[in-house]
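Beneath this line is the structure, given in structure tokens, with notes to follow.
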Amino acid sequence: MSTRKKNILKVIILGDSGVGKTSLMHRYVNNKYSQQYKATIGADFLTKEVDVDDKVATMQVWDTAGQERFQSLGVAFYRGADCCVLVYDVTNTKSFENIKTWRDEFLVHANVSSPETFPFVILGNKIDCEENKKVVNTKSAQELAQSLGNVPLFFTSAKDAINVDNAFEEIARNALQQNQNDADAFEDDFNDAINIQLDGEPNSCSC
Amino acid sequence: MGHNDFLSNAVPVKVNTLNFIPPKQRELKKSPSMPSFYKFENYTKHRSASINRSSIQLHDTNTPSRIPELLQEPPVDTVSVEDSFVDLYIDRNEESPVRSVFNRASSFQSTTLKRRSDITDPQHFDRYGFKKRTQFITEEEYDRWWSEYSQYCIRRKHKWRNFLLKSGLSLKNDLPEKFPPQSEKLKRYVRKGIPAEWRGNAWWYFARGDEMLNKNKGLYSKLLKKVEENKNNKNIIQDLDVIERDLNRTFPDNIHFYRESFQKEEPFMIQALRRVLLAFSIYDTEIGYCQSMNFLAALLLLFLSEEKAFWMLVIITKKYLPGVHSVNLEGVNVDQGVLILCIKEYLPELWSKMEASMLNTTGQKSISQFEILNKLPPMTLSTASWFMSCFVGVVPIETTLRIWDCLFYEKSHFLFKVSLAILKLSEEELLERKLSISQSILATFSNESLEHINSHGSGGSANHRSRPRVEDMTQDDYDMLFFQVIQTFPKKLLNPNDIFEKVIFKKKMTLNKLDQEEIDKVRKYVSSQRDKWARFNKVLNKDSSNNGNNDPGNKMLYKNLDDTSSIQEGTDNISLSNEEVMDTLLSEVSGFKRISLSGVNWNNSIKIRVKNIRQKK
């Protein structure tokens, strides 16, 4: 468990190679899109100041490599995440089928306090593509989202800036909630250890 | 030939070079698998006033004041600087044997390739076809730097020429195939940069490419044939999809790899890249295809023939970076562990900051080396890519190439050395940024929103922030900044000499004592430590599952090693055989020349813990 009680929200984007993780991150953080993104090796992160429901925080968005074998590198930094974004490509069935695997993999390594309530958000990206290329239908996506515990689902296009801001607002809200829950739990459990920094009212947070 | 020709079918890409001719023309006839897509002509023959040339015009700067050495030491042969301008264009009509394998049925020659002038205006591209402007460097910055660096390259090339002639080596066609025997002088020359147009040959020579090729004559063609026969069979070519997805995500900023949306035919380089990667994936099935190999192969293709590029990829993945691209990426983890130990050894100041960061993340009071090597710090997510792609895309291209020169001459330890050098340089940046961020934190304090956080925020940080001081930057702020700097600082290292002159050539810097022998030893050490961890993990896992504990093994282990108290509490769950314990505690030294006590330290700390466990029993 981290000692951070600052409002830094750690958000991790996972999903198969080429589904648009890097594009989504850049669209959200810089409101830019380029055809020229390179394959991500290891991980990159960008930060953005967010203001959700009158709360200000710094969101750390972590973009990861999608190839399966890179999962063995990611283990260490999954820990301490506040929200996990699972991305698939609406034109790629396999990337959709792997959503559950990505989620499970994350839970194994992230060491989250309560896996049942940990916030995930699913994004079906590339909805700008031609209709006949869309192979993952909306209904099965909704069913999956529901089966994973009513996970919020968004259909996005990083290219045309469709729904990206909405999705990330939801991500930020979930992350903030998780962050505060964790902070509370932390304070309950380890009140003595961090007393020096507290003002004596560990549960004063009004979230 | 004027600017209009630029839009016509031949797609000439005017690149102002210092004799840079990738890959060498002479090889066209010799190697059957040579991609014959380059054709070079003397720039001067076709030069016309209307050609939009790059802002660096060497013939304009060919004056005593600008290139003193050039005049003091006239070129050995008669090639003038002006002659060295070449037109480089993709020739769509020459059919190479390799290409014919793939394009028998394709409409390869039927399409005329056209590029829009605004995108391909050569002024915006460097001598290898990369866009000068990046997210971190403006075109003006590039041009300003290049106007000096190009002079440096000319000076270096004259020195190389003299060196080679004195060593009795041939400079025929300005393309030497052999280089002098290993010496301090040669090492210095390589470190100062191999002339760009000799690079392919030099890399091939230093990496002993011929040995590899001679042992495997004809194999590449056979592999290509197998690829062609199974091109839709995912059972045989398992990495087909992943490779395909990465082709256009390799060098989208390079004119030889970039495909306009209206182009029907994909660039020849993309096709070559596909062949090399597919062939490799069936050649070395333990690796198959690993993202980052696309960058290695693509850069090789700019300097070597396709077949040679393939074998160089084999040499890099086998000899220089063993295990780094394998399915479990264990080689990456080992090398990152080695890097961490190197930081500890050679950059102690940086290490102390990293250690503080690790303690912050894990919430522990202390952390043993054993744990560090197995739970690598987050920074290694970024530095892993430095090794996997050998700095391609990590630092700007001229800097990458200088690193590659040394990599092939000095072997893999140079990657560690240059990583340390970059980290050393980034410390300054870190300090500067830290200062400016601290100031902005101060500035934000007057901001209402923060007061809001003060009232709503949870405990410590809000309280902390009510007394703003520069030192108040929290560990979290610092960690974020640290990763940001590690991520972006290298991308600004436009001038390779910043690394070489400020660090690598400074003999007094202890990190320059690092050598291959040391790296090999430390690699062995880290690898064995990680093996032990895995076995340790297995034992704990077995025991915990016996007790009906469903915790995944590694989680269990992390927990137990994270703090001593839980080990003591969890005594009932742990039983280790004598053999396992002894094995785990087997003392080893880390392999650094200066014998470090750290290896002994971690052994002692584990020893005490296990002793505690046993006493409780």
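Being a predicted model, the structure only gives us computed values, none of them experimental.
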With respect to chain A, which residue among B/Ile287, B/Asn248, B/Asn328 yields the maximal number of heavy-atom pairs within a distance under 4.5 Å? B/Ile287
Need one label for A/Thr64: side chain, backbone, both or neither, based on atoms under 4.5 Å from any heavy atom in chain B. neither
Do A/Ser17 and B/Arg249 get their side chains close enough for a donor-acceptor pair, meaning under 3.5 Å? yes
For A/Tyr37, which atoms come within 4.5 Å of any heavy atom of chain B: side chain, backbone, both, or neither? backbone
Separation of B/Phe483 CZ from A/Asp44 CG (nearest 0.5 Å): 7.0 Å
In terms of heavy-atom contacts, A/Thr40 and B/Gln291 come closest through O-OE1, 3.8 Å
With a cut-off of 6.0 Å (strictly less than), are more than 12 heavy atoms of other residues, nucleotides or ligands near CD of B/Gln475? yes
Greatest number of non-hydrogen atom pairs under 4.5 angstrom with chain B, of A/Gln60, A/Lys94, A/Glu68, falls to A/Gln60
How long is the gap from OH on B/Tyr289 to CZ on A/Arg69, to the nearest 0.5 Å? 9.5 Å
Nearest 0.5 angstrom please: A/Gln36 CD to B/Gln135 CD, how far? 12.0 Å
For A/Phe70 and B/Leu329, the nearest pair of non-hydrogen atoms, with its separation, is CA-CD1, 3.8 Å
Heavy-atom cut-off 4.5 Å, strictly under: side chain, backbone, both or neither for B/Ser326 against chain A? backbone
Tell me, out of B/Asp246, B/Thr250, B/Val327, who's got the most heavy-atom pairs with chain A below 4.5 Å. B/Val327
Take atom CZ of B/Arg530 as the centre, draw a 6.0 Å sphere, and report whether it contains more than 12 heavy atoms from other residues, nucleotides or ligands. yes
Given that the side chain runs from C-beta out, which part of B/Glu330 has a heavy atom under 4.5 Å from chain A: side chain, backbone, both or neither? neither
If you take all heavy atoms of B/Pro252 and A/Lys38, which pair is closest and at what distance? CD-CG, 3.8 Å
Straight-line distance of A/Lys10 NZ to B/Asp476 CG, nearest 0.5 Å: 10.0 Å
If you tally heavy-atom pairs under 4.5 Å against chain A, which of B/Ala384, B/Ser292, B/Pro377 wins? B/Ser292
Does any backbone or side-chain atom of A/Asp89 lie under 4.5 Å from a heavy atom of chain B? Answer side chain, backbone, both or neither. neither
Point-to-point distance, once rounded to the nearest 0.5 Å, from CE of B/Met480 to CD1 of A/Ile8: 4.0 Å
Rounded to the nearest 0.5 angstrom, the OG-CG distance for A/Ser95 and B/Asp241 is 11.0 Å
